[in-house]
There are 2 protein chains.
Amino acid sequence: MARTGGPSRERIVAGAADLISRRGLNAASIREVAKHAEAPLGSTYHYFPEGKQQLATEAVRYAGTAVGRVLSEELGAGPVAGLRAFLALWRGIVVDSDFRAGCPVLAVSVEEPPADEIPPALAAAAEAFEGWESLLAESLGEHGVAPDQAADLAALVVASVEGATAMCRARHSAQPLDRIARQLETVIAAALGRPA
Amino acid sequence: MARTGGPSRERIVAGAADLISRRGLNAASIREVAKHAEAPLGSTYHYFPEGKQQLATEAVRYAGTAVGRVLSEELGAGPVAGLRAFLALWRGIVVDSDFRAGCPVLAVSVEEPPADEIPPALAAAAEAFEGWESLLAESLGEHGVAPDQAADLAALVVASVEGATAMCRARHSAQPLDRIARQLETVIAAALGRPA
DNA sequence: GCTAGACTATGACGAGCGTTATAACCAGAG
DNA sequence: CTCTGGTTATAACGCTCGTCATAGTCTAGC
(Lines give C-alpha, C1' and ligand atoms only; values in the text may rest on other atoms or scores of the structure.)
Protein backbone atom coordinates (compact mmCIF):
# COMPACT_ATOMS: atom_id res chain seq x y z
CA MET A 1 0.00 0.00 0.00
CA ALA A 2 1.43 3.32 1.03
CA ARG A 3 0.13 4.35 -2.39
CA THR A 4 3.07 6.65 -2.34
CA GLY A 5 1.66 9.23 -4.68
CA GLY A 6 4.08 11.77 -3.28
CA PRO A 7 7.80 12.18 -3.19
CA SER A 8 8.71 10.20 -0.13
CA ARG A 9 12.14 11.77 0.07
CA GLU A 10 10.75 15.15 1.02
CA ARG A 11 8.40 13.53 3.52
CA ILE A 12 11.39 11.94 5.19
CA VAL A 13 13.22 15.26 5.43
CA ALA A 14 10.21 17.07 6.80
CA GLY A 15 9.56 14.32 9.31
CA ALA A 16 13.18 14.38 10.39
CA ALA A 17 12.98 18.12 11.00
CA ASP A 18 9.87 17.65 13.11
CA LEU A 19 11.32 14.78 15.11
CA ILE A 20 14.60 16.60 15.70
CA SER A 21 12.69 19.65 16.88
CA ARG A 22 10.91 17.52 19.46
CA ARG A 23 13.49 15.09 20.76
CA GLY A 24 16.81 16.61 19.84
CA LEU A 25 19.33 15.42 17.31
CA ASN A 26 20.68 12.36 19.12
CA ALA A 27 17.34 11.06 20.31
CA ALA A 28 15.74 11.33 16.87
CA SER A 29 16.52 7.90 15.45
CA ILE A 30 16.48 7.06 11.79
CA ARG A 31 14.08 4.21 12.46
CA GLU A 32 11.56 6.57 13.98
CA VAL A 33 12.01 9.12 11.23
CA ALA A 34 11.27 6.43 8.66
CA LYS A 35 8.22 5.22 10.55
CA HIS A 36 6.97 8.76 11.04
CA ALA A 37 7.24 9.35 7.29
CA GLU A 38 5.67 5.97 6.47
CA ALA A 39 8.81 5.07 4.59
CA PRO A 40 10.84 1.89 4.98
CA LEU A 41 14.12 2.03 6.82
CA GLY A 42 16.01 0.84 3.79
CA SER A 43 14.76 3.78 1.75
CA THR A 44 16.33 6.16 4.18
CA TYR A 45 19.80 4.92 3.36
CA HIS A 46 18.87 4.77 -0.29
CA TYR A 47 17.98 8.46 -0.39
CA PHE A 48 20.62 9.58 2.12
CA PRO A 49 23.67 7.37 1.56
CA GLU A 50 25.80 9.39 3.97
CA GLY A 51 23.50 8.37 6.79
CA LYS A 52 22.19 10.35 9.67
CA GLN A 53 24.57 13.23 9.20
CA GLN A 54 23.23 13.93 5.75
CA LEU A 55 19.64 13.52 6.84
CA ALA A 56 20.10 15.92 9.74
CA THR A 57 21.81 18.44 7.51
CA GLU A 58 19.00 18.39 4.99
CA ALA A 59 16.40 18.60 7.74
CA VAL A 60 18.05 21.71 9.14
CA ARG A 61 18.29 23.28 5.70
CA TYR A 62 14.66 22.38 5.03
CA ALA A 63 13.49 24.14 8.18
CA GLY A 64 15.80 27.08 7.57
CA THR A 65 14.55 27.76 4.08
CA ALA A 66 10.91 27.13 4.97
CA VAL A 67 11.00 29.68 7.77
CA GLY A 68 13.07 32.02 5.65
CA ARG A 69 10.46 31.90 2.89
CA VAL A 70 7.64 32.88 5.24
CA LEU A 71 9.78 35.58 6.79
CA SER A 72 10.74 36.97 3.41
CA GLU A 73 7.14 37.18 2.27
CA GLU A 74 5.87 38.93 5.37
CA LEU A 75 8.76 41.37 5.47
CA GLY A 76 7.32 42.82 2.30
CA ALA A 77 4.84 44.61 4.54
CA GLY A 78 7.59 46.05 6.68
CA PRO A 79 9.88 44.97 9.53
CA VAL A 80 7.15 44.97 12.16
CA ALA A 81 4.93 42.74 10.04
CA GLY A 82 7.83 40.39 9.50
CA LEU A 83 8.59 40.33 13.21
CA ARG A 84 4.99 39.51 14.01
CA ALA A 85 4.91 36.71 11.46
CA PHE A 86 8.17 35.29 12.77
CA LEU A 87 6.83 35.29 16.31
CA ALA A 88 3.45 33.89 15.30
CA LEU A 89 5.09 31.10 13.34
CA TRP A 90 7.08 29.82 16.31
CA ARG A 91 4.26 30.43 18.73
CA GLY A 92 2.04 28.27 16.58
CA ILE A 93 4.55 25.44 16.42
CA VAL A 94 5.12 25.45 20.15
CA VAL A 95 1.50 25.82 21.22
CA ASP A 96 -0.04 23.53 18.59
CA SER A 97 2.33 20.74 19.60
CA ASP A 98 1.30 21.19 23.22
CA PHE A 99 4.79 22.52 24.01
CA ARG A 100 6.49 19.41 22.64
CA ALA A 101 8.02 20.75 19.44
CA GLY A 102 10.43 23.61 18.98
CA CYS A 103 13.06 24.72 16.50
CA PRO A 104 15.14 21.99 14.87
CA VAL A 105 17.91 24.47 14.13
CA LEU A 106 18.21 25.26 17.81
CA ALA A 107 18.12 21.58 18.71
CA VAL A 108 21.08 20.85 16.44
CA SER A 109 22.99 23.85 17.76
CA VAL A 110 23.03 22.68 21.37
CA GLU A 111 24.56 19.26 20.82
CA GLU A 112 28.31 18.95 20.72
CA PRO A 113 29.90 17.64 17.54
CA PRO A 114 31.30 14.19 18.21
CA ALA A 115 34.67 14.82 16.62
CA ASP A 116 36.79 17.93 16.37
CA GLU A 117 35.51 18.57 12.89
CA ILE A 118 32.51 20.80 12.34
CA PRO A 119 29.72 18.54 11.17
CA PRO A 120 27.73 19.77 8.20
CA ALA A 121 24.52 19.81 10.24
CA LEU A 122 25.98 22.41 12.58
CA ALA A 123 27.19 24.47 9.64
CA ALA A 124 23.69 24.30 8.18
CA ALA A 125 22.31 25.55 11.48
CA ALA A 126 24.66 28.51 11.43
CA GLU A 127 23.57 29.29 7.88
CA ALA A 128 19.90 29.11 8.84
CA PHE A 129 20.38 31.57 11.67
CA GLU A 130 22.41 33.89 9.48
CA GLY A 131 19.79 33.73 6.75
CA TRP A 132 17.02 34.81 9.10
CA GLU A 133 19.19 37.59 10.51
CA SER A 134 20.07 38.82 7.05
CA LEU A 135 16.45 39.03 5.98
CA LEU A 136 15.51 41.00 9.07
CA ALA A 137 18.55 43.25 8.92
CA GLU A 138 18.01 44.01 5.27
CA SER A 139 14.41 44.98 5.87
CA LEU A 140 15.39 47.21 8.76
CA GLY A 141 18.05 48.83 6.63
CA GLU A 142 15.54 49.56 3.92
CA HIS A 143 13.48 51.41 6.49
CA GLY A 144 16.20 53.72 7.62
CA VAL A 145 18.01 51.82 10.35
CA ALA A 146 21.77 52.08 10.26
CA PRO A 147 23.45 48.84 9.10
CA ASP A 148 25.26 48.14 12.37
CA GLN A 149 22.18 48.62 14.47
CA ALA A 150 20.07 46.69 11.99
CA ALA A 151 22.38 43.69 12.33
CA ASP A 152 22.33 43.94 16.13
CA LEU A 153 18.54 44.17 16.18
CA ALA A 154 18.17 41.21 13.86
CA ALA A 155 20.41 39.13 16.12
CA LEU A 156 18.36 40.19 19.12
CA VAL A 157 15.14 39.11 17.43
CA VAL A 158 16.40 35.70 16.36
CA ALA A 159 18.18 34.97 19.63
CA SER A 160 15.28 35.97 21.84
CA VAL A 161 12.73 34.06 19.79
CA GLU A 162 14.84 30.92 19.85
CA GLY A 163 15.44 31.22 23.56
CA ALA A 164 11.81 31.98 24.26
CA THR A 165 10.59 28.89 22.42
CA ALA A 166 12.72 26.75 24.71
CA MET A 167 11.48 28.62 27.77
CA CYS A 168 7.89 28.13 26.66
CA ARG A 169 8.46 24.39 26.35
CA ALA A 170 9.97 24.20 29.83
CA ARG A 171 7.19 26.21 31.39
CA HIS A 172 4.34 24.76 29.34
CA SER A 173 3.20 28.30 28.69
CA ALA A 174 3.43 30.78 25.85
CA GLN A 175 4.15 33.59 28.25
CA PRO A 176 7.88 34.00 27.41
CA LEU A 177 7.15 34.38 23.71
CA ASP A 178 4.37 36.85 24.43
CA ARG A 179 6.60 38.85 26.76
CA ILE A 180 9.44 39.20 24.28
CA ALA A 181 6.93 39.99 21.52
CA ARG A 182 5.88 43.14 23.34
CA GLN A 183 9.44 44.20 24.02
CA LEU A 184 10.70 43.49 20.51
CA GLU A 185 7.87 45.49 18.99
CA THR A 186 8.64 48.56 21.04
CA VAL A 187 12.38 48.25 20.45
CA ILE A 188 11.95 47.97 16.70
CA ALA A 189 9.32 50.70 16.60
CA ALA A 190 11.75 52.97 18.40
CA ALA A 191 14.56 52.12 15.99
CA LEU A 192 12.29 52.86 13.03
CA GLY A 193 10.60 55.95 14.35
CA ARG A 194 13.36 57.70 16.14
CA PRO A 195 16.91 57.55 14.83
CA ALA A 196 18.65 57.08 18.16
CA MET B 1 43.54 5.99 44.65
CA ALA B 2 40.91 8.60 43.96
CA ARG B 3 42.15 10.07 47.22
CA THR B 4 38.65 11.32 47.41
CA GLY B 5 39.30 14.32 49.55
CA GLY B 6 36.13 15.89 48.23
CA PRO B 7 32.48 15.06 48.24
CA SER B 8 32.21 13.03 45.10
CA ARG B 9 28.46 13.46 44.96
CA GLU B 10 28.74 17.13 44.11
CA ARG B 11 31.47 16.40 41.59
CA ILE B 12 29.07 14.03 39.84
CA VAL B 13 26.32 16.64 39.73
CA ALA B 14 28.63 19.34 38.44
CA GLY B 15 30.07 17.00 35.87
CA ALA B 16 26.59 16.00 34.75
CA ALA B 17 25.65 19.64 34.29
CA ASP B 18 28.74 20.22 32.17
CA LEU B 19 28.21 17.13 30.07
CA ILE B 20 24.53 17.89 29.52
CA SER B 21 25.42 21.41 28.47
CA ARG B 22 27.75 20.02 25.83
CA ARG B 23 26.01 16.98 24.42
CA GLY B 24 22.40 17.39 25.39
CA LEU B 25 20.37 15.40 27.85
CA ASN B 26 19.99 12.15 25.92
CA ALA B 27 23.57 11.96 24.70
CA ALA B 28 25.04 12.58 28.15
CA SER B 29 25.35 9.03 29.41
CA ILE B 30 25.68 8.09 33.04
CA ARG B 31 28.83 6.15 32.26
CA GLU B 32 30.49 9.22 30.86
CA VAL B 33 29.30 11.39 33.71
CA ALA B 34 30.85 8.96 36.16
CA LYS B 35 34.10 8.81 34.24
CA HIS B 36 34.21 12.58 33.89
CA ALA B 37 33.80 12.91 37.66
CA GLU B 38 36.33 10.13 38.34
CA ALA B 39 33.62 8.25 40.16
CA PRO B 40 32.66 4.63 39.63
CA LEU B 41 29.46 3.86 37.79
CA GLY B 42 28.06 2.04 40.79
CA SER B 43 28.37 5.16 42.91
CA THR B 44 26.10 7.03 40.58
CA TYR B 45 23.20 4.75 41.38
CA HIS B 46 24.19 4.77 45.02
CA TYR B 47 23.89 8.55 45.25
CA PHE B 48 21.00 8.87 42.78
CA PRO B 49 18.79 5.83 43.28
CA GLU B 50 16.13 7.18 40.93
CA GLY B 51 18.60 7.01 38.08
CA LYS B 52 19.22 9.41 35.28
CA GLN B 53 16.09 11.40 35.85
CA GLN B 54 17.18 12.35 39.33
CA LEU B 55 20.72 13.10 38.25
CA ALA B 56 19.53 15.35 35.44
CA THR B 57 17.15 17.16 37.74
CA GLU B 58 19.86 17.86 40.28
CA ALA B 59 22.26 18.95 37.56
CA VAL B 60 19.75 21.48 36.26
CA ARG B 61 19.06 22.76 39.75
CA TYR B 62 22.79 22.98 40.40
CA ALA B 63 23.36 25.12 37.33
CA GLY B 64 20.28 27.20 38.04
CA THR B 65 21.30 28.11 41.55
CA ALA B 66 24.97 28.62 40.65
CA VAL B 67 24.08 31.13 37.95
CA GLY B 68 21.43 32.66 40.17
CA ARG B 69 23.98 33.23 42.91
CA VAL B 70 26.35 35.08 40.60
CA LEU B 71 23.49 37.08 39.15
CA SER B 72 22.18 37.99 42.58
CA GLU B 73 25.56 39.23 43.74
CA GLU B 74 26.23 41.39 40.73
CA LEU B 75 22.75 42.85 40.70
CA GLY B 76 23.72 44.54 43.95
CA ALA B 77 25.53 47.08 41.79
CA GLY B 78 22.44 47.70 39.68
CA PRO B 79 20.59 46.11 36.78
CA VAL B 80 23.17 47.02 34.17
CA ALA B 81 25.95 45.48 36.22
CA GLY B 82 23.89 42.33 36.65
CA LEU B 83 23.15 42.19 32.94
CA ARG B 84 26.84 42.52 32.13
CA ALA B 85 27.77 39.78 34.58
CA PHE B 86 25.06 37.49 33.18
CA LEU B 87 26.32 38.03 29.66
CA ALA B 88 29.97 37.67 30.63
CA LEU B 89 29.25 34.45 32.47
CA TRP B 90 27.73 32.74 29.45
CA ARG B 91 30.22 34.26 27.07
CA GLY B 92 33.00 32.79 29.16
CA ILE B 93 31.44 29.34 29.19
CA VAL B 94 30.88 29.31 25.45
CA VAL B 95 34.22 30.79 24.43
CA ASP B 96 36.38 28.97 26.98
CA SER B 97 34.96 25.65 25.85
CA ASP B 98 35.78 26.54 22.26
CA PHE B 99 32.05 26.78 21.50
CA ARG B 100 31.36 23.27 22.73
CA ALA B 101 29.54 23.96 25.98
CA GLY B 102 26.37 25.94 26.54
CA CYS B 103 23.56 26.12 29.04
CA PRO B 104 22.39 22.83 30.56
CA VAL B 105 19.01 24.32 31.37
CA LEU B 106 18.47 25.12 27.72
CA ALA B 107 19.66 21.66 26.70
CA VAL B 108 17.07 20.01 28.92
CA SER B 109 14.33 22.34 27.69
CA VAL B 110 14.63 21.34 24.04
CA GLU B 111 14.21 17.58 24.46
CA GLU B 112 10.72 16.16 24.54
CA PRO B 113 9.61 14.34 27.65
CA PRO B 114 9.30 10.64 26.85
CA ALA B 115 5.90 10.18 28.46
CA ASP B 116 2.95 12.51 28.79
CA GLU B 117 3.99 13.38 32.32
CA ILE B 118 6.20 16.38 32.97
CA PRO B 119 9.54 15.00 34.05
CA PRO B 120 11.12 16.65 37.08
CA ALA B 121 14.14 17.74 35.07
CA LEU B 122 11.95 19.87 32.81
CA ALA B 123 10.19 21.36 35.82
CA ALA B 124 13.59 22.20 37.28
CA ALA B 125 14.51 23.93 34.04
CA ALA B 126 11.38 26.04 34.20
CA GLU B 127 12.21 26.98 37.78
CA ALA B 128 15.76 27.95 36.83
CA PHE B 129 14.53 30.26 34.07
CA GLU B 130 11.92 31.78 36.35
CA GLY B 131 14.50 32.29 39.07
CA TRP B 132 16.79 34.26 36.80
CA GLU B 133 13.88 36.30 35.47
CA SER B 134 12.70 37.08 38.97
CA LEU B 135 16.11 38.32 40.05
CA LEU B 136 16.38 40.59 37.05
CA ALA B 137 12.81 41.84 37.28
CA GLU B 138 13.14 42.58 40.97
CA SER B 139 16.28 44.60 40.42
CA LEU B 140 14.66 46.55 37.60
CA GLY B 141 11.64 47.23 39.79
CA GLU B 142 13.85 48.58 42.53
CA HIS B 143 15.25 51.06 40.05
CA GLY B 144 11.95 52.47 38.98
CA VAL B 145 10.79 50.23 36.17
CA ALA B 146 7.11 49.35 36.26
CA PRO B 147 6.48 45.71 37.28
CA ASP B 148 4.93 44.62 33.98
CA GLN B 149 7.72 46.07 31.91
CA ALA B 150 10.32 44.76 34.33
CA ALA B 151 9.01 41.23 33.86
CA ASP B 152 8.94 41.63 30.09
CA LEU B 153 12.49 42.98 30.06
CA ALA B 154 13.75 40.18 32.27
CA ALA B 155 12.22 37.61 29.92
CA LEU B 156 13.84 39.35 26.96
CA VAL B 157 17.24 39.23 28.64
CA VAL B 158 17.06 35.55 29.57
CA ALA B 159 15.57 34.45 26.26
CA SER B 160 18.02 36.37 24.11
CA VAL B 161 21.04 35.23 26.11
CA GLU B 162 19.96 31.59 25.91
CA GLY B 163 19.28 31.83 22.21
CA ALA B 164 22.53 33.68 21.56
CA THR B 165 24.62 31.02 23.30
CA ALA B 166 23.21 28.43 20.91
CA MET B 167 23.81 30.70 17.93
CA CYS B 168 27.40 31.27 19.04
CA ARG B 169 27.96 27.52 19.20
CA ALA B 170 26.57 27.01 15.73
CA ARG B 171 28.62 29.83 14.26
CA HIS B 172 31.78 29.22 16.27
CA SER B 173 31.82 32.91 17.06
CA ALA B 174 30.87 35.11 19.99
CA GLN B 175 29.30 37.67 17.68
CA PRO B 176 25.65 36.90 18.50
CA LEU B 177 26.25 37.35 22.23
CA ASP B 178 28.15 40.57 21.62
CA ARG B 179 25.42 41.89 19.36
CA ILE B 180 22.62 41.28 21.82
CA ALA B 181 24.78 42.67 24.62
CA ARG B 182 24.84 46.05 22.94
CA GLN B 183 21.11 46.02 22.27
CA LEU B 184 20.14 44.84 25.75
CA GLU B 185 22.26 47.53 27.37
CA THR B 186 20.59 50.32 25.44
CA VAL B 187 17.12 48.86 25.99
CA ILE B 188 17.65 48.59 29.72
CA ALA B 189 19.30 51.98 29.95
CA ALA B 190 16.27 53.47 28.22
CA ALA B 191 13.88 51.71 30.57
CA LEU B 192 15.79 53.03 33.55
CA GLY B 193 15.14 56.52 32.35
CA ARG B 194 18.66 57.24 31.29
CA PRO B 195 18.86 59.17 28.05
CA ALA B 196 20.00 56.91 25.25
C1' DG C 1 39.96 -6.30 66.72
C1' DC C 2 35.19 -6.54 65.05
C1' DT C 3 31.28 -5.59 63.12
C1' DA C 4 27.81 -2.55 60.66
C1' DG C 5 26.95 0.41 57.03
C1' DA C 6 28.50 3.37 53.50
C1' DC C 7 30.94 3.10 49.27
C1' DT C 8 33.28 0.67 45.26
C1' DA C 9 34.04 -2.78 41.74
C1' DT C 10 32.44 -5.82 38.20
C1' DG C 11 29.54 -7.85 35.19
C1' DA C 12 25.37 -8.88 33.23
C1' DC C 13 20.45 -8.03 31.14
C1' DG C 14 17.47 -6.46 27.44
C1' DA C 15 16.82 -2.86 24.36
C1' DG C 16 17.77 0.45 20.95
C1' DC C 17 21.11 2.63 18.07
C1' DG C 18 23.63 3.51 13.12
C1' DT C 19 24.92 0.98 9.57
C1' DT C 20 25.48 -2.65 6.09
C1' DA C 21 24.40 -6.63 3.26
C1' DT C 22 21.43 -9.19 0.67
C1' DA C 23 17.28 -10.74 -1.24
C1' DA C 24 12.76 -9.68 -3.04
C1' DC C 25 9.77 -6.66 -5.49
C1' DC C 26 8.01 -4.12 -9.55
C1' DA C 27 7.83 -0.54 -13.02
C1' DG C 28 8.98 0.14 -17.94
C1' DA C 29 12.24 -0.78 -22.26
C1' DG C 30 13.54 -4.14 -25.68
C1' DC D 1 8.05 -12.35 -22.55
C1' DT D 2 12.77 -11.07 -20.52
C1' DC D 3 15.75 -8.07 -18.52
C1' DT D 4 17.13 -4.14 -15.74
C1' DG D 5 17.54 -0.69 -12.29
C1' DG D 6 15.31 1.97 -8.84
C1' DT D 7 12.93 0.84 -4.61
C1' DT D 8 11.54 -1.99 -0.57
C1' DA D 9 11.98 -5.73 2.86
C1' DT D 10 14.43 -8.36 6.30
C1' DA D 11 18.06 -9.65 9.00
C1' DA D 12 22.16 -9.10 11.07
C1' DC D 13 26.77 -6.69 12.86
C1' DG D 14 28.89 -4.37 16.75
C1' DC D 15 28.12 -0.96 19.96
C1' DT D 16 26.30 1.80 23.78
C1' DC D 17 22.59 2.72 26.58
C1' DG D 18 19.95 2.63 31.48
C1' DT D 19 19.49 -0.32 35.03
C1' DC D 20 20.20 -3.89 38.29
C1' DA D 21 22.51 -7.51 41.17
C1' DT D 22 26.17 -9.09 43.72
C1' DA D 23 30.30 -9.28 45.80
C1' DG D 24 34.26 -6.81 47.55
C1' DT D 25 36.46 -2.95 50.16
C1' DC D 26 36.83 0.60 53.22
C1' DT D 27 35.88 3.36 57.61
C1' DA D 28 33.64 4.47 62.29
C1' DG D 29 32.15 3.21 66.61
C1' DC D 30 32.26 -0.10 70.09
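Worth knowing before you read on, the calculation uses all heavy atoms, side chains too, and leaves out hydrogens, waters and symmetry mates. To find a chain, count down the sequence lines: A is the first, B the second, and so on, and within it residues start at 1.
When every heavy atom of B:Glu185 is checked against every heavy atom of B:Val80, the shortest pair comes out as OE1-CG1, 4.1 Å.
A:Leu25 places its CG atom 10 Å from the P atom of C:dG18, with the value rounded to the nearest Å. Here D:dA9 presents its P atom at 11 Å from OH of A:Tyr47, a figure rounded to the nearest Å. In this structure, CD of B:Gln54 is placed 14 Å from C1' of D:dT19, rounded to the nearest angstrom. A:Ile12 has its CD1 atom 14 Å from the P atom of C:dG18, to the nearest Å. Residue B:Tyr45 contributes atom OH, which lies 18 Å from atom P of C:dT10 at whole-angstrom precision. Distance A:Lys35 NZ to C:dG18 C1': 16 Å, rounded to the nearest Å. When rounded to the nearest whole Å, the span between CZ of B:Arg23 and C1' of D:dC17 equals 14 Å. Atom CG of A:Leu55 is separated from atom P of C:dG18 by 10 Å (rounded to the nearest Å).
With respect to B:Glu133 and A:Arg171, a salt bridge is recorded, a charged nitrogen being found less than 4.0 Å from a carboxylate O. For the pair A:Arg9 and A:Glu58, the salt-bridge criterion is met [side-chain N within less than 4.0 Å of a carboxylate O].
Side-chain atoms of A:Leu41 lie closest to C:dT19 of the nucleotides C:dT8, D:dT19, C:dT19. Checking C:dT19, D:dT7, D:dC17 against every side-chain atom of A:Lys52, the shortest atom distance belongs to C:dT19.
For the pairing with A:Arg91, the side-chain hydrogen bond (donor to acceptor under 3.5 Å, both in side chains) check across A:Asp96, A:Asp178, A:Thr165 returns one residue only, A:Asp178.
Contact annotation: A:Ser29 side-chain N/O to C:dG16 OP1/OP2 distance is not under 4.0 Å. OP1 or OP2 of D:dT7 has not a single side-chain nitrogen or oxygen of A:Ser43 nearer than 4.0 Å.
Checked by distance alone, B:Arg31 brings a side-chain donor or acceptor within 3.5 Å of a matching partner on the base of D:dT19.
Comparing A:Pro49 and B:His46, the nucleotide of DNA chain C nearest to each residue sits closer to the 5' end for B:His46.
Relative ring orientation between A:Phe86 and A:Trp132 is described as perpendicular, the plane-to-plane angle rising above 60° on a 0-90° scale split at 30° and 60°.
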